[in-house]
Structures are given as structure tokens and as C-alpha cells.
Amino acid sequence: MSVKLYDERPEELLQMMHLIRAYEERAAALQAGSGVPGTCTSVGQEACAVGVIAALGADDLILTNHRSAGHLLARGADPGRLLAEVMGRRDGYCKGKSGSLHICARELGVVLTSTIVGGELGLACGVGLSQKMLHRAGVVVCFFGDGAACEGRFHESLNLAAVWGLPVLFVCENNEWQAFVHRRETTLADGVVSWAAPFGMDSATVDGNDVEAVRAVAMEALDAVRSSGKPFLLEVRTYRLRGHFEPDDQAYVDAQELARAWSCDPLPRFEARLRDCGRLDDDAIAGMKAAAKSRVEAAVAYAVDSPYPGMDELVTDVYA
Amino acid sequence: MSVKLYDERPEELLQMMHLIRAYEERAAALQAGSGVPGTCTSVGQEACAVGVIAALGADDLILTNHRSAGHLLARGADPGRLLAEVMGRRDGYCKGKSGSLHICARELGVVLTSTIVGGELGLACGVGLSQKMLHRAGVVVCFFGDGAACEGRFHESLNLAAVWGLPVLFVCENNEWQAFVHRRETTLADGVVSWAAPFGMDSATVDGNDVEAVRAVAMEALDAVRSSGKPFLLEVRTYRLRGHFEPDDQAYVDAQELARAWSCDPLPRFEARLRDCGRLDDDAIAGMKAAAKSRVEAAVAYAVDSPYPGMDELVTDVYA
Amino acid sequence: MAQITVQEAIDQALAEEMTRDPRVLLMGEGVATKRHALVEAFGGERVRNTPLAEGIIAGTAAGAAATGLRPVADLLFAPFLCYAMDELVNSAGKLRYLSGGQFSFPLVAIAMTGAGWCVGAQHNHNIEAWFVHSPGLKVVMPGCVADFKGLLKAAIRDDNPVLFFVDIGLVFAAGDVPEGEYLVPIGEAAVRRSGQDISLISYAKTVAVCEDAARTLAEQGISAEVIDLRTLKPLDEASILASVRKTGRAVIVHEASRTCGVGAEIAAIVAEKAFTALKAPVLRLSGPDAPAPASFPLEQAFVPQAAAVVDTARRLCA
Amino acid sequence: MAQITVQEAIDQALAEEMTRDPRVLLMGEGVATKRHALVEAFGGERVRNTPLAEGIIAGTAAGAAATGLRPVADLLFAPFLCYAMDELVNSAGKLRYLSGGQFSFPLVAIAMTGAGWCVGAQHNHNIEAWFVHSPGLKVVMPGCVADFKGLLKAAIRDDNPVLFFVDIGLVFAAGDVPEGEYLVPIGEAAVRRSGQDISLISYAKTVAVCEDAARTLAEQGISAEVIDLRTLKPLDEASILASVRKTGRAVIVHEASRTCGVGAEIAAIVAEKAFTALKAPVLRLSGPDAPAPASFPLEQAFVPQAAAVVDTARRLCA
Ligand SMILES: Cc1ncc(C[n+]2csc(CCOP(=O)(O)OP(=O)(O)O)c2C)c(N)n1
Ligand SMILES: Cc1ncc(C[n+]2csc(CCOP(=O)(O)OP(=O)(O)O)c2C)c(N)n1
Ligand SMILES: [Mg+2]
Ligand SMILES: [Mg+2]
């Protein structure tokens, strides 16, 4: 598998969003049946991942965190190898050692995933420093959550990137939740983007449930990083539609708020737009969904077939 | 010794500033002669310490850091016990165990000094939480440097204090230096105060070389904390006139910048003001300086006379 | 006696101590969401969800502890303690000493670790030895339900900072807890099974591994004593030494990696103070010196197994 | 041979490796201020003052190391590593493994510790054992000028994260360093003095304490071997065991506190693998289990003294 690049066609974006949705829902179903370790799904946040990543070039690098499947799939990850990793199988991207929480795929430029909240922010500065000092073209895109913005590393990382002029696009997926804590309990700030200005960093906010808007803003932000060599903070406002870590009954989520959030689900919204402008009809959409589902079923078959790593793997890859 | 409270007389402020200056210069001289461990002096920052602390009531609590002598003396610390602590003597405020870097004096409400830069910020939230939950009246004043504002704890601490509504007055003494690194190398931000707004925190900046201005702003800030129960960020702009840690030849400091800074020395400035308005004449000022010097000489004698702690102290006070 | 799970034992301990002492409060990322009954009983002031920032949670706990409260901070998974090391080690562990005894730090920091949930090395890392190596702290790591309750209550009452490690593999384990007020003193090991030929010394989930092994060994004519350390700092040297002086042989078993682990300390103590009683080398069985993998069979293999304990013990007794 | 100080040895190592390999860079709070010659030679891009934030320094180093640079991060004093534990342990130490070998982390983290400057426990805490206990890291702590140079060069060339501890008490020590390219391999202990009756095993400034003690012991007819570990992870087990198998007695000496320290690991290794050779209990001399005091005489007393080593060795040889 290699990096997926996107052309201008909106259908591609929708297709990828459906693949992510189908993948996540299938993974969650497997986990509900137990036997398969849990994951943090990105249901509801597909437009963030796809919108930003569709704006990237082949050289750009991505750092992500515990909620990574959307980013990986959008960048072209094979769903079979991804699920194999979640299931701890040998053919996973990390030989099964990572499991769901720290999956990276160097071949796709998805580097150094950390499940320590905020960890990706510090690592991203280092990757940005390499890009800069080794005169590489790619921008470093660092996805993180609104929760990560509570960690001190957020402050340290933005400051360092700004003062050193590192080519990092910080993308905060503000999904209103930080595991089992609502964002309103953790900060008085209305959003994350307001922290950019004191660092002398440019920033923008975008409706994260509108994939085309996300892509457009991400394009601009990437251009800004590329031309200035300086970092940029992009806040993508969205909502975590499923629980934190599967299985999760969301009993602690306000039902009205959740219903409202579902009514903004980025998939039907984008479908409606493409339908309205005549680019897609119901059949085409149904076909897209079916294709995503069957790709995911093949992935499940692949992952289930993949053996567990051998016992020798317990102590390999510790030292270079 | 008990907490020193200040009345309205400006002479008191000047007197205390002279005591601090005399103390620090004497300590530095002792250290230059070696045998006495180094300290971080507060020369140039006397107006910050005295201005803020003169605004405090008896119940208010103070947290400070490695550069603490000004705060301790302004709060009424005995210079002899202070110097004894710097010299590692038994009669020091911490029995000689702290040395110069983490001196606290519970009897003065100077609690939990940490020399880990940023450490005081986290501890201050905890002290604030105690004040709030135990319904104590005193405001918690946390002194920290512009360098501490680079540490992630700064972000975490301001955020927690704001969202929990803790009665903490954060006082940043921005002295343009962070050990051997100039502030301009560490951040693009012009000052520290701009970070307050995103947390929903009120803030103010003041000329830290004008003791009366500092006191006036501190009074307002303290009133705001007391009446709202919410934290406040006060940035006090000043300059570190001596080196980071004695002895330090300041070879790395731009000579012009340093000369400019000396020309704003808060002591002569305040003397001139008091002279101009006729409250003090040269004799009175000379008398004040002489009194400060002789108090410091007595302190030196006291500290030098104080024995080192006994060897049993090596392992006492580890556990409660 | 009531059969409850470890999670329930922790809840009981918290509820009882919060009832007993109004200065006790609980804070952490999601504690108020997950422990709703405690919020109902004690209110949101005393059961606090925090921002997602372990450093400030621990720093706040330290500052509050020094000035009149008795915080219990749930820091979730042990690797997250990496964000709170300054607050735990440099502040809570040292500021009593550095202040010449002016302050004490009665706080409890809770963290989970160990194999069981396939979450990998950034959620599963047995770093209890770091804190054993650090001055001013106490470290507790229970192995059975009753101890979870009794030791957590004791930790909350202790006037020092206590690291309270919860073995993930035990969270849903059930067991008996004595009715009524039940405290387990910090610093006392327990003899889980008495024996003559060899001492199996362990803590947390590998105590059960040792008990399994001891049963097998008994069938093979080897009488193994099983010691559950329960507290890792201060270590109950007297119990360890009494056992090894009796049996003359020791195997130390834990999931944490070997080098500079708690097993090293125990082996060193034994090699110093029970030297003349020793009939055989002191052996350690531990997790490998590798990060914990997420993959289920690898994660299971990370933990020392009863069969290996049996083999090792048999070799020593041969 | 040239007489230089430890500080000069470090400067030489940095300058030579930065000349050899353009991917090497130095970063830290004040490195550009304090090492002006390096800035002159290599420019501000490769010798970088950083903001005051150890976590991001280490995180940046880890990210840069994984993607093509070879950073050396000066983190000043060891207790400040408490702010960088996540980056060092969870990222640099584990992400190679968790990624299934996709990345490596060739970085060096330098930190000072130990008695000598009366700075107290928040600047002086010997926590090297934490990193020995953590997977994926290497740990070096030299005891003489030549090793500072040779080991730092080797650390910079190593493809793994290396913690490089500088004993404060040695910073101004002078000694001989071989001219020209000089490397000391990571993982090899050195026999500083050969002996027959007892092994004195140490590292950093207490190696000299052991050498002192050995001289006194020699006058009293006891032939002591002095081992300088130099690398703490990976430990040179072979050298340790060869020595103890020869002498039958071991005293381990370090300034770090006892419980779960490096001495515990060595005692445990010896008690396991040199058991039959042992003629006496394995003893440890260490700093007390207390924070380091600032007060000069207390700080000095914190460090194991030659007289105590002599006494202990004599007791064991009696
Ligand atoms: C340092 C740290 N603290 C806590 C956790 C547990 N945890 C995992 S994800 C998460 C919530 C993260 O929230 P956010 O950054 O908003 O990302 P989201 O999950 O919403 O995508 C928490 C608390 C962790 N993995 N790392
Ligand atoms: C965590 C940490 N990093 C580094 C140091 C070393 N250090 C002591 S003071 C200081 C500078 C602090 O600058 P600032 O916060 O501005 O305070 P100032 O010294 O200017 O008063 C540094 C780097 C430390 N004590 N703690
Ligand atoms: Mg979130
Ligand atoms: Mg400063």
C-alpha cells in the first residue's frame, strides 16, 4: 500500500468517509462481541481526517494518537493490516505489538503515533526539526484532541514550533470529549484556537463536519506553512459520536446533546450536498456504502486469518 | 519573626527594598569569596517583591522559587536565619537542608518553595484548593519567572485554577532572563500576560521597577481574587540586574541592554521620587542604607555563628 | 465476609474514608463520571473531574496535601505517571525534607498497570520500582481484594505520599473482604502459604501464580512458602528474612522487568542478611526487559508463569 | 596524553562528533550561551538554546532522532528529567518496539547529579536506576575524564537513546585523555585495580572512593579489585561475575540510594550467578534513602566514604 493522494472529486472524499465509518462500526461490533481488544473509534470525525489528509501531498508526514484509524485509512492504510494490528496479529502495521493505541505506518508517512495524550505534540516538533534541518519538503501534520490541549505539552510544543519556525500544521480535532469528561468541565476556553495568538502563531477554526470546508481550510493552512516555514494551528470542531473506547455505552453522555450531534453527522450531510448538486444519486451512494462494507469484510477475514506473532517477538525490536 | 504587614508609608517600601539589596549584595560578596554556596539574587527585582507583598494581608500565602530572598525578606523573614539557610546552617529556616534554592518559612506563610522551574505553579493550585475547600480567607500568591511560563505547568496551572475558580494571584516577574538564555530566544510572545485571556482569566501588566505602581496593581488584583474567588495573572516587567546564580560574570549579557536596565534600577528611582515630593532627604536615605547594611552585617554574624546541622539530620524529616 | 471485586473494594475504601474524614477528596480524569455514587454521597467539591493533565493533578494534590487536605488522585495508567514525576518525586517526596520538616504530604496516587487489557506499553508498564527507589514515598501494590480495601484505607490515613498500584489483571477479580472497618497496615507482608523448602516472594497478580506453583510443588513433595509483599516501600524485611532463613531458598517473582526491579532489592537483601542460611542461588522470575506488547498471547507471555516458577523452584531444591 | 577536565572532555566529544556527522546537533537551556566555541564552529542551527521546558526538549529530540537527526539534549540536572520522563521512557524507549521496529531513536540525554555543589535534592538526585529499569534505553555514567570523552562519543554514535549522567563532583576533575580518536564502547566495565580478595564495584565518583579504599586495604594486606561499571545499562555482567568468581566477595558502592538501585541489581546478579563462588554476604554501601541535603557537611556525608568501604571490606574478609 502506498500513500493515497486525492484529486478534486468530492466523491473520493465521501467514499473514504464511508470506508472509515464502515471500518469503525465493524471494529466496534467485533469488540462488543469480545475477544477483540477495544479501540477508540473516530465515528463522527471522518470529515476531519479526510478533509485534512485530502489536502496533503505525498511528502507530508502525519502524527496521530489513540484515535488514529480515520487518519490511517484516509492516508491509504490497508484496512486488513489495520484491523490485524488492532487484533494483535502478525500482519498488523506494527507486527501486532502496538495494538490499537499506537499504530504508525512509516510507508504512509504516518510516523510516531503516541497514545500518551500530548505525546504526539512534542514528537511533532522533532519531526518538524528534521524536515527543516534536512531540507525536506513535507509539512508535518499533527492531529491531537481537545484533551491534549489541556496537557502542558501543548503549550510547550506550540511555543517551540513558533520560536524555531518549524513546518508543523497542528490540527486539533475538538470533539467536545476527553475520554469520560466533557470539555466544558476541563476549561473555560470556548475552543483551542484562541491559544495560538499569544505564541505568535496563525490559526483558523473550521466546521469539522463539513469535509469540503475542512479540506479548503487545510489547503490554505498548508500553503501558509509551506510558504512561511512557520507552524499553524487549525481547530476542527466536531463531535465524538460513539464512546471513548469500545465497548462504551455512553451512559454518561447527555442524550439531547448526543442526538443533536448525530443530526450533524458529516456523512449524510455530505451525501445530501452531493445529491443536491446532482453529483450522486441514491444508488451511487448505496453502491459506495456496499463497497466500503465489502472492503471491510475482506479486511476482517484478512485480520482473523493472520496469525499471532511468535513468542520470539516478545523481545525483538527493543534495541536498534 | 512574624509576618510583616505594611502601612501606607512609602518609606517602609524603600526601607525594605534597601534591606533586600543590601542582603543580596552581601550574599553575593560572600559567595564570590567562595566557601559559601551560590544563590540566585533578586537584585533589580526588589520593587516586584516589595510592591506585591506590601499589598498582602496576614492570612495570605506565598509560593516562590529559586529566586526567593526578596519575597522572604519582604514578608518579614529574618535575614540571619535566611543567610544561615543559604549557608546550610542549623538555624536556617529549613535547618540548613534546603540551602538557597527551596527556602520556605511556614510561620510567614511562605509555603512550598520549589526550585524546579514551574513546580510552584502546580503546588499553588493545591494550596488554592485548600484555601477554597477549607474556607480560609487568604489569597495564594504564586511568584514565578518568565522562564516558568515556558514550562507546560504554566498552562496546566492557569487552566486548572481558572476552571476550578481557585483564589490564586499568579505573579510573573518577567526579568527578561531564563538563566543563561534571554527571553527573546525562548518565545515570540512579547510578554506573559497575553496567555491569560484564553483561559478566561483576568490579568494586568505593570512596570515592575515602580514599587508604588506594583503595589497599587497588586491591591486591585488581590481585591479581584478576593471578591470573585477567581485567579488573576499579574505580569511585573523588570530586569535581572545581576547574574543568574552567584558568582556569574554576566559575560553573556549585552552590555548596552544591561546598562539601560541599570538606569531603571528601582531603588534610585524610588528614592528620587520620595526626595522630589519632599518625604525624604539625602540624610534620611543614607540612614536607611546604613541601617540595612548593619542589619545585614548582624545577619552575617548570626549565620556564620550558626553551626552546621548534626549528622543525624541526614535522615530525619524524610517521613512524617 | 462478602464477595466483592477489586473495583468495589476500592470504592468501599474511598467511601468509608471520605465519610470518616471530610478532608479526603478524590480527583482525576473521569473520577466523577465513573464513580457516580461517590458524587451523590459527597458532592462535586470532593469528587472532582480534572482537566486532562497529570502533572497539574499531582501538583495540586501535593499542594493541597501540604496545606490541610488529604487528596486521592486517580492518575489512571502507570505510564501516565511519567507526566507527574516532578510533582510526586521532587515535590511530594522531597519538600518535607528540604523544608526541614515544615510540611507533610498525605496524598495517595492511584495508577493501574500490568497485563490483561492488551493496551500495550504506554498503558502497561510496571514502574513501581522507580518509586521504591525515591525517598519520601511509600509504595503499595495489593494482590487480593481484601488488601485493596485495607491498604487503600491505610494509605489514605498515612501522613506520607503513597503510590497505590492496581494490577490491571486483578481489577475484576472477586474475593472476600471482612465486614466492617478493615485496615491492612502499610509495611507488612503476608504469608499466603507456609512452607519449609523454598520461599516464593511476590506481589500483585503474580502472588496467585506463586500460589499455583506452590500447589503443584506440594504434589511433587516440595513445600513452598508464598510471601505476598503487599507493600513495596517500606519493605517488610523481617518477614522476607524470616522466611528465607527458614527455607534457605528464594525465588522472587514479579511482572516488572528485572534490572533494578523490586526483585533485585529483595535478592540483595537476602544475599546480605540471610547469606549463611542460603542453600542455593537466589533467583528472579520477571517480565522481560522489553516494553509490554499489546498482542494478547505476547502480553500473557510477558507475565511469569506458574510452570516456570515450578521449574525454577525444582532446580533450586534439587 | 593531555590533561583536561571533564567539561573539556565533553566539549571535545561534542565537537568531534559534530564534525564527523552533520546530523548531530546539541540542544538545551543555555547550551549555545555556555558552549560558544561550538556555536562558532557549527552555527546556531546545530547548537540551539531552547525554551525552558524539558519535556518539549526531550520530545523534540525523540521526534528528530526518529526522522534522521542525532540530537544531544542537555537537560542540566537529573531531577529535571522528571519533566521529560514521558518523552524519554514512553516515547524514545518504547516506540521502536511498539511500532514493530519501524523507528530508532539515536539520541543522547545528558544530565548532572551528585554531591558537590550544595544545591539540594531538586538538583541532586541519583536516579540512574530508573532508566536502567526502563526498556529500550541505555545508561552511561562515567567515572574518569577519558571515559567521559570516549563514552559520550560512543553514545552519540549509538542508534539507541542513551542517558548520559555526569557526576557533579567530577565536572572540574582533570585527567588524561588519549590523543586522537578515542572511543569507549558502551557496555564494558573497566577493572581499575586488580585484586584477589574482594571486589569493590562502583561507578561515577565513588570509583575513586573505592580506589582510595583499595590502597588502604592493600596496606592492611587485603587485595581489593576495583571495577568501574561505566555503563549501567547494558550491565557488563561478564566482568562483574569474573571478578566476584575470582575474589568470592563483593561490596557495591554508589551514591544513589539503596532500594532498587544499581547496587541491588548487581547484588542480585552475583547472588544468582556467582553463588557458589561467594565466601561472604554481598554488601552495598550507598547514599541514604533520603533526599540530598544542601548543607555542605551533610551533602558530603551523603556519599559513601572510603573509610566505610575499608571497614566493610575488612569485615567481609575477616
Ligand atoms: C497522558 C494521558 N492521560 C490520559 C490518557 C487516557 N486517555 C486516553 S484518550 C483520553 C482522552 C483524550 O481526549 P482528547 O485529547 O480530546 O482526544 P479524543 O479522545 O477526544 O480524540 C484519555 C484521557 C492517556 N492516554 N494519556
Ligand atoms: C525544571 C527546571 N529546569 C531548569 C532549571 C534550571 N534553572 C533554574 S532557574 C532557571 C531560569 C528560570 O527562569 P525564570 O523562570 O525566568 O526565573 P528567573 O530565574 O529569571 O527568576 C533555570 C533554567 C530548573 N531549576 N528547573
Ligand atoms: Mg476530545
Ligand atoms: Mg526570568
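In what follows, every chain begins at residue 1, and chains take the letters A, B, ... in the order their sequences are listed. Every heavy atom of this structure was used, including side-chain atoms; hydrogens, water molecules and symmetry mates were not.
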Checking heavy atoms, do the side chain of C:Leu278, its backbone, both or neither come under 4.5 Å from chain D? both
In terms of heavy-atom pairs under 4.5 Å with chain C, which of D:Ala264, D:Ala292, D:Ala129 leads? D:Ala264
Tell me the closest heavy-atom pair linking D:Ala268 and C:Ala267, and the distance in Å. CB-CB, 3.5 Å
Counting only heavy atoms closer than 4.5 Å, note whether D:Ala274 contacts chain C via side chain, backbone, both or neither. neither
Please classify the contact between C:Ala294 and chain D as side chain, backbone, both or neither, with a heavy-atom cut-off of under 4.5 Å. neither
Ranking D:Gly55, D:Gly120, D:Gly136, D:Pro293 by heavy-atom pairs under 4.5 Å to chain C gives rank one to D:Pro293
Which heavy atom of C:Gly261 sits nearest to which heavy atom of D:Cys260, and what is that distance? O-SG, 3.5 Å
Under the side-chain contact (heavy atoms from CB on, under 4.5 Å) test, which residues partner C:Ala111, sequence neighbours left out? C:Ala78, C:Leu81, C:Phe165
Quick one: donor-acceptor pairs between chain C and chain D, under 3.5 Å, side chains and backbone, table format.
unit_1: C:Pro79; atom_1: O; unit_2: D:Asn90; atom_2: ND2; d: 3.1
unit_1: C:Asn90; atom_1: O; unit_2: D:Gln122; atom_2: NE2; d: 2.9
unit_1: C:Asn90; atom_1: ND2; unit_2: D:Pro79; atom_2: O; d: 3.1
unit_1: C:Lys94; atom_1: NZ; unit_2: D:Ala121; atom_2: O; d: 2.8
unit_1: C:Lys94; atom_1: NZ; unit_2: D:His125; atom_2: ND1; d: 2.9
unit_1: C:Ala121; atom_1: O; unit_2: D:Lys94; atom_2: NZ; d: 2.8
unit_1: C:Gln122; atom_1: NE2; unit_2: D:Asn90; atom_2: O; d: 2.9
unit_1: C:His125; atom_1: ND1; unit_2: D:Lys94; atom_2: NZ; d: 2.9
unit_1: C:Trp130; atom_1: O; unit_2: D:Trp130; atom_2: NE1; d: 3.0
unit_1: C:Trp130; atom_1: NE1; unit_2: D:Trp130; atom_2: O; d: 3.0
unit_1: C:Val132; atom_1: O; unit_2: D:Thr259; atom_2: OG1; d: 2.9
unit_1: C:His133; atom_1: O; unit_2: D:Ser257; atom_2: OG; d: 3.1
unit_1: C:His133; atom_1: ND1; unit_2: D:Thr259; atom_2: O; d: 2.8
unit_1: C:Lys233; atom_1: NZ; unit_2: D:Asp289; atom_2: OD1; d: 3.1
unit_1: C:Lys233; atom_1: NZ; unit_2: D:Asp289; atom_2: OD2; d: 3.0
unit_1: C:Ser257; atom_1: OG; unit_2: D:His133; atom_2: O; d: 3.1
unit_1: C:Thr259; atom_1: O; unit_2: D:His133; atom_2: ND1; d: 2.8
unit_1: C:Thr259; atom_1: OG1; unit_2: D:Val132; atom_2: O; d: 2.9
unit_1: C:Cys260; atom_1: N; unit_2: D:Glu265; atom_2: OE1; d: 2.8
unit_1: C:Glu265; atom_1: OE1; unit_2: D:Cys260; atom_2: N; d: 2.8
unit_1: C:Glu265; atom_1: OE1; unit_2: D:Arg284; atom_2: NH1; d: 2.8
unit_1: C:Glu265; atom_1: OE2; unit_2: D:Arg284; atom_2: NH1; d: 3.4
unit_1: C:Glu265; atom_1: OE2; unit_2: D:Arg284; atom_2: NH2; d: 3.0
unit_1: C:Ala271; atom_1: O; unit_2: D:Val282; atom_2: N; d: 3.3
unit_1: C:Val282; atom_1: N; unit_2: D:Ala271; atom_2: O; d: 3.3
unit_1: C:Arg284; atom_1: NH1; unit_2: D:Glu265; atom_2: OE1; d: 2.8
unit_1: C:Arg284; atom_1: NH1; unit_2: D:Glu265; atom_2: OE2; d: 3.4
unit_1: C:Arg284; atom_1: NH2; unit_2: D:Glu265; atom_2: OE2; d: 3.0
unit_1: C:Asp289; atom_1: OD1; unit_2: D:Lys233; atom_2: NZ; d: 3.1
unit_1: C:Asp289; atom_1: OD2; unit_2: D:Lys233; atom_2: NZ; d: 3.0

Per-residue contact mode, C:Leu95 against chain D (heavy atom under 4.5 angstrom): side chain
For D:Phe77, look at atom CZ and say whether over 12 heavy atoms of other residues, nucleotides or ligands are found less than 6.0 Å away. yes
Contact class of C:Val132 relative to chain D, heavy atoms under 4.5 angstrom: both
Most heavy-atom pairs under 4.5 Å with chain C, out of D:Ala256, D:Ala280, D:Pro281, belong to D:Pro281
